[in-house]
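Please read these numbers as outputs of a predicted model, since none were measured by experiment. Order of the sequence lines sets the chain letters (A, B, ...), proteins ahead of strands, with each chain counted from 1. Heavy atoms only: backbone and side chains are in, while hydrogens, waters and symmetry mates are out.
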2 protein chains.
Amino acid sequence: MKFSTRGRYGVQIMVDLAQHGTEGPISLKSIADRQKLSEHYLEQLVPELRKAGLVKSIRGSQGGYILAKKPEDIYIGDVIRILEGPIAPVDCTNELDGESCCEKTDFCITREVWVKVRDSINDVVDSISLADLLHDCNKEDVKRLSELFE
Amino acid sequence: MKFSTRGRYGVQIMVDLAQHGTEGPISLKSIADRQKLSEHYLEQLVPELRKAGLVKSIRGSQGGYILAKKPEDIYIGDVIRILEGPIAPVDCTNELDGESCCEKTDFCITREVWVKVRDSINDVVDSISLADLLHDCNKEDVKRLSELFE
DNA sequence: CAAATTCCGATTGGTTTAGTAGGATATTAA
DNA sequence: TTAATATCCTACTAAACCAATCGGAATTTG
């Protein structure tokens with residue numbers, strides 16, 4: 001029960017863009033350097049965020065990416081679902097009715113568990129915006145930075 | 001973000017045992033037949049549930065498995081964690097402090113997301129007992145059975 | 001003893017994951 | 001106009017993981 005690197009790196013990319021977005025387009029290279037990730041691998045992920053309308057790209061020299069919306073309007077759930085596909089702890093929770101997948105078992109008694117888990121995860125990630133994360137991050141940054149001088 | 005078959009089958013096994021547990025030891029073969037699963041594969045899973053104290057085994061002819069506790073005292077979360085390992089959407093949420101894994105990123109801003117997801121999943125699966133599932137199942141069974149005669 | 005059953009370790013085929021390789025296209029700056 | 005910097009795009013690959021299978025050994029009942 002793990003998120004893959006796609007969702008994790010995706011959130012890191014968005015946070016990085018939010019933190020540096022005031023400085024004009026941010027190149028993948030600079031994100032990869034800061035976050036210690038493979039630039040080439042990120043190249044596979046960011047276009048999907050672009051196609052989904054979460055970031056905009058500027059090609060060519062001095063180009064890069066910027067957020068397509070305010071951090072307040074970008075939810076972590078969207079980032080994760082774009083890169084990982086729908087959040088569904090088991091496949092049959094994706095379907096509208098549980099009929100087609102569950103004829104094997106006793107009327108799919110266990111389905112209730114997976115549906116509740118699915119809804120709970122989606123509720124959490126859909127309740128956290130990029131702005132929420134940044135806000136906490138800044139407070140944390142200040143705290144840790146000040147600790148360095150104690 | 002999926003549970004593997006280990007957790008899913010594990011819950012199915014426990015539900016099956018709860019449904020038929022009054023009839024003495026239940027063989028894996030009968031569970032595998034009812035749930036349409038590979039008996040040999042289940043053989044890998046059930047011993048782990050036994051070692052964890054969730055089921056008891058009776059060896060030899062006419063042997064099988066029975067629940068080791070009342071269905072009210074068996075929580076789905078335990079079944080899943082025994083078979084899948086700790087529920088942690090990313091690895092670093094397993095650690096007591098986020099220090100050792102997160103030096104790469106900007107003070108691990110994103111960790112907050114994964115911690116909340118982890119806690120939310122655990123809360124859900126730890127709030128559902130085997131008895132809860134059985135209760136819902138029986139109502140559903142009755143409803144569906146009656147629909148067959150309409 | 002024969003059948004049924006749990007128990008145990010090794011192996012396998014397939015899929016997924018995380019990344020690499022190599023280049024095409026677009027833009028800027030010198 | 002040319003060199004440098006970027007995004008963009010399609011393949012490919014090595015390693016890990018998953019789901020299951022295989023082949024038996026040990027235990028108990030009838």
Side-chain angles (χ1 to χ4, degrees), chain A residues 1-13 16-17 20 23-52 54-68 80 83-86 88-91 104, chain B residues 1-13 16-17 20 23-33 35-52 54-68 80 83-85 88-91 104:
Chain A
M1 195 61 175
K2 293 260 188 291
F3 285 115
S4 73
T5 55
R6 295 174 61 86
R8 303 214 311 273
Y9 294 179
V11 176
Q12 281 186 260
I13 290 168
D16 194 282
L17 284 180
H20 301 91
E23 310 157 13
I26 309 296
S27 72
L28 274 194
K29 182 169 190 329
S30 68
I31 298 177
D33 285 348
R34 272 192 295 270
Q35 307 289 332
K36 302 280 188 295
L37 303 173
S38 151
E39 180 187 355
H40 248 69
Y41 189 44
L42 297 190
E43 264 178 5
Q44 284 180 311
L45 309 184
V46 190
E48 298 179 40
L49 297 172
R50 179 179 55 78
K51 285 167 195 158
L54 263 55
V55 304
K56 288 179 184 169
S57 67
I58 293 97
R59 300 188 67 171
S61 180
Q62 312 302 318
Y65 294 92
I66 55 173
L67 295 183
I80 293 175
L83 293 172
E84 304 237 357
V90 317
D91 280 330
K104 283 165 58 176
Chain B
M1 195 62 174
K2 293 259 187 291
F3 285 116
S4 74
T5 54
R6 296 173 62 85
R8 301 212 313 270
Y9 294 179
V11 176
Q12 280 186 262
I13 291 168
D16 194 281
L17 284 180
H20 301 92
E23 309 156 13
I26 310 296
S27 72
L28 273 194
K29 181 170 192 330
S30 67
I31 298 178
D33 286 347
Q35 307 290 331
K36 304 279 189 298
L37 303 173
S38 152
E39 180 187 356
H40 251 69
Y41 188 44
L42 297 190
E43 264 178 6
Q44 284 179 309
L45 309 184
V46 190
E48 300 179 39
L49 297 172
R50 179 179 55 79
K51 285 167 195 159
L54 262 55
V55 304
K56 288 178 182 168
S57 67
I58 294 98
R59 301 188 64 172
S61 182
Q62 311 304 316
Y65 294 93
I66 55 173
L67 295 184
I80 293 176
L83 293 172
E84 304 238 358
V90 316
D91 280 329
K104 281 167 57 176

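Computed from coordinates, the B:Y9 OH to D:dC18 P distance equals 13 Å when rounded to whole Å. For the pair A:R6 CZ and C:dT16 C1', the computed distance is 11 Å after rounding to whole Å. For B:L17 and C:dT6, the CG to P distance is 10 Å, given to the nearest whole Å. The CZ-P distance, from A:R8 to C:dT17, rounds to 12 Å in whole Å. Going from atom CG of B:L37 over to atom C1' of D:dT21 covers 15 Å, rounded to whole Å. For the pair B:L28 CG and C:dA4 C1', the interatomic distance rounds to 12 Å; values are reported in whole Å. Following rounding to the nearest Å, A:Q35 (CD) and C:dA18 (C1') show an atom-to-atom distance of 17 Å. For the pair B:I26 CD1 and C:dA4 P, the computed distance is 17 Å after rounding to whole Å.
With B:D33 as reference, B:K29 is the one residue of B:K29, B:Q35, B:K36 to meet the side chain to side chain donor-acceptor pair (under 3.5 Å) rule.
At C:dT20, one or more side-chain N or O atoms of A:S38 fall inside 4.0 Å of OP1 or OP2 (strictly under the cut-off). Using a 4.0 Å cut-off, some side-chain N or O of B:R50 falls inside it from OP1 or OP2 of C:dC8. One finds no side-chain N or O of B:S27 lying less than 4.0 angstrom from the OP1 or OP2 phosphate oxygen of C:dT6. Within the structure, a side-chain polar atom (N or O) of B:T5 is placed less than 4.0 Å from OP1 or OP2 of D:dA19.
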Under 3.5 Å, which N/O atoms of the protein pair with N/O atoms of nucleotides 27-30 of chain C?
residue, atom, partner, partner atom, Å
C:dT27, O2, A:S61, N, 3.1

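Judged as a side chain to side chain donor-acceptor pair (under 3.5 Å), and not counting sequence neighbours, A:S57 has no contacts.
Side-chain proximity of B:Y65 to D:dA19, C:dT6, D:dC9: nearest is C:dT6. Here the nucleotide nearest the side chain of B:H40, chosen from D:dC22, D:dA19, C:dA18, is D:dC22.
Near DNA chain D, meaning a heavy atom under 4.0 Å from it, residues 41-48 of chain A has A:E43, A:Q44 in order of number.
Taking all atoms of both residues into account, the shortest heavy-atom contact from A:Y65 to A:L17 is O-CD2, 3.4 Å.
In this structure, the side chain of B:E84 engages the main chain of B:S4 through a donor-acceptor pair within 3.5 Å.
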